[in-house]
Protein chains: 2
Amino acid sequence: MKQPTICPKFEKAISLLSQRWTALVIYQLLSGPQRFNEIQSSIGISGKVLSDRLKDLESQGVIKREVIPDTPVIIEYSLTEKGQSMEPIIRAIENWSQVWYKEETPSSDTP
Amino acid sequence: MKQPTICPKFEKAISLLSQRWTALVIYQLLSGPQRFNEIQSSIGISGKVLSDRLKDLESQGVIKREVIPDTPVIIEYSLTEKGQSMEPIIRAIENWSQVWYKEETPSSDTP
DNA sequence: ACATTAAGTTACTTTATGTAAGTTAGTATA
DNA sequence: TATACTAACTTACATAAAGTAACTTAATGT
C-alpha cells in the first residue's frame, strides 16, 4: 500500500540525487568540463557505473557530452544550465558537512 | 587505482544523502516528529529499509528515537539539531525541482 | 479466547554496484 | 610493418543493497 503524498517534482529530484555517485559527478563538473578518465579517477567510481551515470544525466539534460574531433577524439562532459543550477544544492551539502563533521587524523605518517 | 581528492567531510555528507530514502526521511521529519508507520506510509518505503535507515540516521546523530510509555508504547522519531540543520539542503533540492521539472498530467481522468 | 495494532524482523527475490578483463579506433614506437 | 599504447567504453561475472511478504511480540479491545 503506497500512497506517497510527496510532490512528484521533488521526488524526481530526490531520486536523481540519491543515486550513488550522481552528486559527486555533478560536483566534479562544477569545476569545469572534464573527460571520462578525469572524472573516474577524481571521484573513484568504476568505469561501468560512471558510464551509466553519464548516460543517465545526459538523458535528463543535466550534463552534455561533446565530441571534440582532435586526434584521437576527445570526449568532454560538462554541465548544462540545468546542471549548473544545482550548484546551490551542492554548496548547501558542502557547507553542512563542514559544520557537522569534525576533523579526523587520517594521515598515517607517524606510526 | 582510487585516489579521490575530494574533501572527506563532503564525501561523508554525500554518502549519507545518496543513500536511497535518507533525504526523504529527513524531509518527512522536517514537518515534525513522527512514528514508524507514519513515515512508512507517507514516503512509501518498505519496513525493512526504513528500519535500517532509522538505525543508521540515529547512529549518525541525525535523528533521535524516543520511547513514549503510553499504552501501548509509542515510538517517535524526530530530527536532532544536526538533522534540523539539513533543512537548507532539502529546501535547495525542493527549489531546484520546482524550477526544472515541468508539470505533468498524471491524472488519467480524461482518457 | 480471538482479533487487532504498532513496530519491527526474517527469509527470500530482484536490482544495483563493483571488479576485472575485453573491445575499438587511432596513433606512436621498434 | 608489427607490436604497443591510450581513451572511452562494454561485457561477464560476483557481491551488496533494496524490495516483498509473511512472521513475531506485546498490549489491548470485542
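Below, read A as the first sequence line, B as the second, and so on, with proteins coming before strands; counting in each chain starts at 1. Values in this document were obtained by computation on a predicted structure and should not be read as measured data.
The distance between atom NZ of A:K48 and atom C1' of D:dT11, rounded to the nearest whole Å, is 10 Å. At whole-Å resolution of the value, CG in B:D70 and P in D:dA26 are 18 Å apart. As rounded to whole Å, 13 Å separates atom C1' of D:dA18 from atom CG of B:L50. Regarding A:Q19, its CD atom lies at a distance of 16 Å from the C1' atom of D:dA16, rounded to whole Å. Taking atom CH2 of A:W21 as the reference point, atom C1' of D:dA17 lies 15 Å away to the nearest angstrom. At whole-Å resolution of the value, CZ in B:R35 and C1' in C:dG8 are 13 Å apart. The separation between A:I74 atom CD1 and C:dT27 atom C1' is 13 Å, rounded to whole Å. A:Q40 places its CD atom 16 Å from the P atom of C:dT17, with the value rounded to the nearest Å.
At distances below 3.5 Å, not a single donor-acceptor pair connects side-chain atoms of B:R20 with backbone N or O atoms of A:R20. Checking side-chain atoms of B:S18 against main-chain N and O of A:Q19 turns up no donor-acceptor pair under 3.5 Å. Under the 3.5 Å distance criterion, the side-chain polar atoms of B:W96 are left unmatched by any main-chain donor or acceptor of A:E87.
Considering only the side chain of B:S51, C:dG8 comes nearest among C:dA6, C:dG8, C:dT17.
Neither OP1 nor OP2 of C:dA6 sits under 4.0 Å from any side-chain N or O of B:Y77.
For DNA chain D, none of the residues of residues 54-68 of chain B falls under the heavy-atom distance limit of 4.0 Å.
Annotation: side chain to side chain donor-acceptor pair (under 3.5 Å) contacts of A:S15 (sequence neighbours excluded): none. For A:Q98, there are no side chain to side chain donor-acceptor pair (under 3.5 Å) partners at least two apart in sequence or on another chain.
Across the interface with DNA chain D, nearest-nucleotide mapping of A:P72 and A:R20 shows A:P72 to be the residue nearer the 5′ end.
Ring geometry, A:F10 versus B:Y27: the interplanar angle falls from 30° to 60°, so the pair is classed tilted.
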For this session: Start with the C-alpha distance between B:E94 and B:R91, add both sets of side-chain angles, then the distance that settles salt bridge (Lys or Arg N to Asp or Glu O under 4.0 Å), and finish with yes or no.
Result: CA-CA 5 Å; B:E94 214 171 14; B:R91 297 304 167 210; 2.7 Å; yes
